[in-house]
Every structure is written in C-alpha cells, then in structure tokens.
Amino acid sequence: MNHIGRPSPLIIPFLLINSPNFHHQIHKSQFVYISFQPSSSSMALAFTTSTSASIAFSSSNSRSEQQQQQGIQFSASNFQTLDRSFPSPAALNLSRKRSEAVKALNAEPKRKDSIVPSAATVFAPDVVEKAIEVEDIEKLAQDLEKASPLEIMDKALEKYGNDIAIAFSGAEDVALIEYAHLTGRPFRVFSLDTGRLNPETYKFFDTVEKHYGIRIEYMFPDAVEVQALVRTKGLFSFYEDGHQECCRVRKVRPLRRALKGLRAWITGQRKDQSPGTRSEVPVVQVDPVFEGMDGGSGSLVKWNPVANVAGNDIWNFLRTMEVPVNTLHAQGYISIGCEPCTRPVLPGQHEREGRWWWEDAKAKECGLHKGNLKEENVNGNGSVNGNASSDIFESQNIVNLSRPGIENLLKMEDRKDGWMVVLYAPWCPFCQAMEASYEELADKLAGSGVKVGKFRADGDQKTFAKQELQLGSFPTILFFPKHSSRPIKYASEKRDVDSLMAFINALR
C-alpha cells in the first residue's frame, strides 16, 4: 500500500497485457520491467528502461493525439507479440508527401477514420531525411544511347520499381512486355481503353494477360465528357474537324490521370515511326508534357527502350521469341489505334499513313506524345507552318481572343465581368501540360461572373504581348478585374485548378 491507501505498483518482468484500456511506454532495452497499477475502471502500465528511444502505445481516442502520432496501427483489443522481425526505424520513416502521392493506377479510395477501429499507434524515432539528388536525365540518355532495349528496360525497372509502368497499345509494342518479362523483374502494364478499339485488339489484350500471367491496368475516358462530345458533335466528328478533340477526351485525359500515380512510364516510340515528330526521340527523357506523382514540370520520366530499333528488327524479335501479336497485323495493319481512325497500309506506304489518313502524314500524334511537336518556321500570322502544332485550350467555355479583342480588354476600365486569360503558344510543352487544368477551370467558372480566355502570343504577337501584356515566358496567366484597367499577372508556377481558383477568389 502507498501513502494514500492505494495498492503499490507491482514490478513484473516481461508481462504481456490484453486489455482495451491501458497506457504504457516501451523503451528498447535488454530487460523490460512493467509497472502495474490496478484501478476500478482501468489499468496503467509503464515499461521502463534507461534508453531514450521509445515506442508508445495508447488506447486514447483523442483525435489531435492520433494526428500527431503517425505509424503502423494495431488493434488495442488484441495486442500480442509476433514471431517475426521488423524493419529498422529508418525504413519506417516515410515522408508525408510521398505516402500521400503514391497510388496505383486503379487505387481504392482511402478509408475514412470513422471506419477504422480503435487502434494503438506504433511509431519509430525521428530520422532526418537525406536530400535526394536529381539525376541528370540527359546524361543518362547519352550513357544508354548505344544500349540494347533489354538493358534499357532493366535499368528503368531497377530504378523505379513499382512507380513505373509500360504503356501498351495492343500493337507491336507487346515487345516491351517481352523485354520486361526477360529482365526477371516485376513490372506493371496499363492501357487506354477508348471504347472505340477493334474487337481484335480487345481479344489481344486477353491473350497477352494469359500469356504473361499479368493483369493490365485499363484506363477509361470520363463517361460525361464522352457523352457531351458525341451528343454535341456526333460519333465521327474527327473526320470533319480533326482527331485532336476526340483523342483529348478518350486518350489524353485518361493518360494524364494514369501518369499522376507514377514517377516514370515506358513507351514503344521509335525514331522511324513518324518522320515529322519522332525522328529525335531519346531512349530516356524528362517528359515535356505530363506530370508524375510529385506534380509540376520535370516530375515524370519517359523511357523509350526501342527508340533506336527499326520496325523490321522489332518484328524479327517478336518472331524469334514467339510472342503473341494482334491478328490485325496479318490483315495489313501496322500502327494500330482506334477502329474508325486506323486502316491497313499499302506496300511502300509508311506505317503512320494508316492512322488519320485524311490528315497530314508528317504530323500524326494523338496527344500522348505531344512533346514531340516542335516550334518550326513561324509565318506572318503567328501560326506554325503545316499542322504539326495544333491549337490547344479548345473548350466551349474558353474564349479565343484575337489581337483586337485583347486590345479592347486592355482599354476597358469598367468591365461587366472579370477575365482570366492565358498567353500561350501551342508548341510550348508547359502550355500543353496545363491544358487539362485550364479547361477544367473554365468549366468551373462558367456562369460565375468570371470569363476565361486565351490569346496566342507567339509569332508576330510576341512583341506586343511582351510590351503590353507582361509576357515573360509561356504560359503567362493574367487576371483582368472588373474595375481595374491593368491586368494582374499570376506569378506562381503552380497551375493546378485549386491554385488558379485561389488566385481568382483573392482578386474578385
């Protein structure tokens, strides 16, 4: 008994407790002693030792306490020892940013706290994170320029593990899966199901899954966007006004969602595939268009293991390794995409002539590899010669401002609505990277009293834009308030919808 009439604590070595109400601390030591103090409603235990490193357990339901303590959760109602080793404290120290960003392509939604049972929290001692050096991707590309596709694939899978995936279209890029299989490393494969593929392609997907014992991670377009496109313009609008709009809805946006869960991706691009856009494709590069899980430009690496391989060598490899292929190839198809936009090629024709045959043969990119398009000879009206650089930000809620239109907007001192305007060049990869977020912003602001516009500021308009519109680099984003003649420039490099909305809400 102690001096206030309560039982004295009992000191018991190596005691295991199975109780829902307890609070104790375990300090790492060769000998562990337990202070046991019973009461009418609960019991308290203290595991004591001489070292400072500790593991804390608590049955408390305090929300603030749980938010401060991060770690691995165990049920407090059934705490018991496990006959296995545990990782070192350093291995458990995952950064908050990384743990929130890493997500499978088809990840399940995060469980809410309300459905997680009452649990104790184990967390390791703090470990100072080391700064991660950014690797010189250009140097890596130079080092691997003469490497074989198998060596390049092995390097990619080794570096990125589960944070990299192969983009599979259902054509001869099945060679990528064979190369990945030959490395002996685990790998992921995803594909874009546009809803317009050939029946033979769907059957081929099933064949590939069974042949390699894998599950392809399919990405689908947004049903609402597809419905709006088809109801507004019909099923075959791409024959009349180009394929870019349809590809953006059915392919580019689903791809963008997929890549946001990765740090790198692997494509089947080859230099000999398209004379106008792929002749300088490197074996590895920083993706100039899309973003990875960390967000922002430069957050995604793009691997092209067969960039230096000729088409006939790819086919020799497939035959030698007895790799299954799409049965459409036997019907004269070489480059295979959606059924309405793909046809067999004749002898002597280039393989890309079977894609979007009603358009320029030298500029056939659906948007997945838009970074291959370059600024070429600019003519007098500020557009790029040919169709190699199609326009962007094409949404019904985005106003295309002409030179007189932007000049009138500058002169107005009392506008009916506020305006958000992007100064852009369609060939600029940073403009391309923000296309989806800017279009989403325009949709959200429709009817809100803020209009969204675009002004193409390259070519002959560039000098004017620099002098009158504060153009520094592409893209430049301006907000024209209702009652101010001078536009306000958006200074941040964050071009996601939430950041842009915060900018607008602060000014209107």
Side-chain angles (χ1 to χ4, degrees), residues 105-106 167-171 190-198 201-202 205 216-262 265 267 277 287-291 300 335-342 355-360 363-373 387 389-400 422 424 426-427 429 431-446 452 454 495-497 500:
L105 295 179
N106 296 313
F168 179 45
S169 70
F190 74 93
S191 188
L192 306 176
D193 184 351
T194 65
R196 302 294 295 265
L197 303 178
N198 289 276
T201 299
Y202 289 113
F205 286 152
I216 298 172
E217 301 172 58
Y218 298 101
M219 300 300 297
F220 300 91
D222 182 89
V224 175
E225 291 185 353
V226 173
Q227 178 177 282
L229 173 64
V230 173
R231 287 184 176 181
T232 303
K233 306 185 72 172
L235 287 167
F236 300 98
S237 60
F238 37 80
Y239 290 143
E240 299 175 5
D241 56 13
H243 70 276
Q244 296 293 344
E245 183 177 17
C246 184
C247 285
R248 182 162 54 249
V249 171
R250 294 180 182 270
K251 298 177 73 173
V252 177
R253 288 174 180 166
L255 176 66
R256 193 182 302 277
R257 294 198 308 270
L259 297 179
K260 286 294 288 183
L262 300 171
W265 63 309
T267 84
T277 62
D287 196 300
V289 175
F290 297 103
E291 298 179 1
L300 185 71
S335 178
I336 300 174
C338 292
E339 186 275 333
C341 302
T342 308
R355 303 285 295 277
W356 310 293
W357 57 89
W358 62 94
E359 298 181 10
D360 181 10
K364 297 192 173 182
E365 293 291 352
C366 60
L368 305 188
H369 306 295
K370 210 175 209 178
N372 295 334
L373 304 179
N387 296 326
S389 186
S390 58
D391 203 9
I392 56 177
F393 304 122
E394 295 181 307
S395 168
Q396 61 181 1
N397 293 320
I398 298 178
V399 180
N400 187 9
V422 60
Y424 75 102
W427 46 263
C431 297
Q432 296 167 9
M434 68 166 287
E435 182 178 17
S437 59
Y438 197 68
E439 291 178 353
E440 184 180 346
L441 176 73
D443 294 341
K444 285 188 174 184
L445 291 174
V452 179
K454 64 176 184 177
R495 303 184 184 105
D496 58 282
V497 176
L500 294 174

Student check: side-chain heavy atoms of [X] and [Y] closer than 4.5 Å:
X	Y	answer
Leu445	Asn397	no
Lys454	Glu394	yes
Gln396	Thr232	no
Glu435	Arg248	yes
Tyr438	Tyr424	no
Ser237	Glu240	no
Phe393	Asn400	no

Which atom names give the shortest non-hydrogen contact between [X] and [Y], and what distance separates them?
X	Y	value
Pro340	Phe238	CB-CZ, 3.7 Å
Leu235	Arg196	O-NH1, 3.2 Å
Pro426	Gln432	O-NE2, 2.9 Å
Ala171	Ile336	CB-CB, 4.2 Å
Leu300	Leu262	CD1-O, 3.9 Å
Pro221	Pro254	CA-CG, 3.6 Å

**Asked** How are the rings of Phe190 and Trp265 set to each other: parallel, tilted or perpendicular (split at 30° and 60°)?
**Response**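 Because their plane-to-plane angle lies in the 30° to 60° range, the rings of Phe190 and Trp265 count as tilted.
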**Request:** Decide side chain to side chain contact (heavy atoms under 4.5 Å, CB included) for Val226 and Arg250; before the verdict, give the C-alpha distance in whole Å, the side-chain angles of both, and the deciding distance to 0.1 Å.
**Result:** CA-CA 7 Å; Val226 173; Arg250 294 180 182 270; 3.6 Å; yes
Pairwise distance [atom1]([X]) to [atom2]([Y]) - rounded to 0.5 angstrom:
X	Y	atom1	atom2	value
Ser395	Glu245	OG	CD	9.0 Å
Leu441	Asp496	CG	CG	10.0 Å
Arg495	Cys431	CZ	SG	7.5 Å
Phe220	Thr194	CZ	OG1	10.0 Å

**Item:** side chain to side chain contact (heavy atoms under 4.5 Å, CB included) assessment of Phe205 paired with Asp193
**Value:** CA-CA 10 Å; Phe205 286 152; Asp193 184 351; 5.8 Å; no
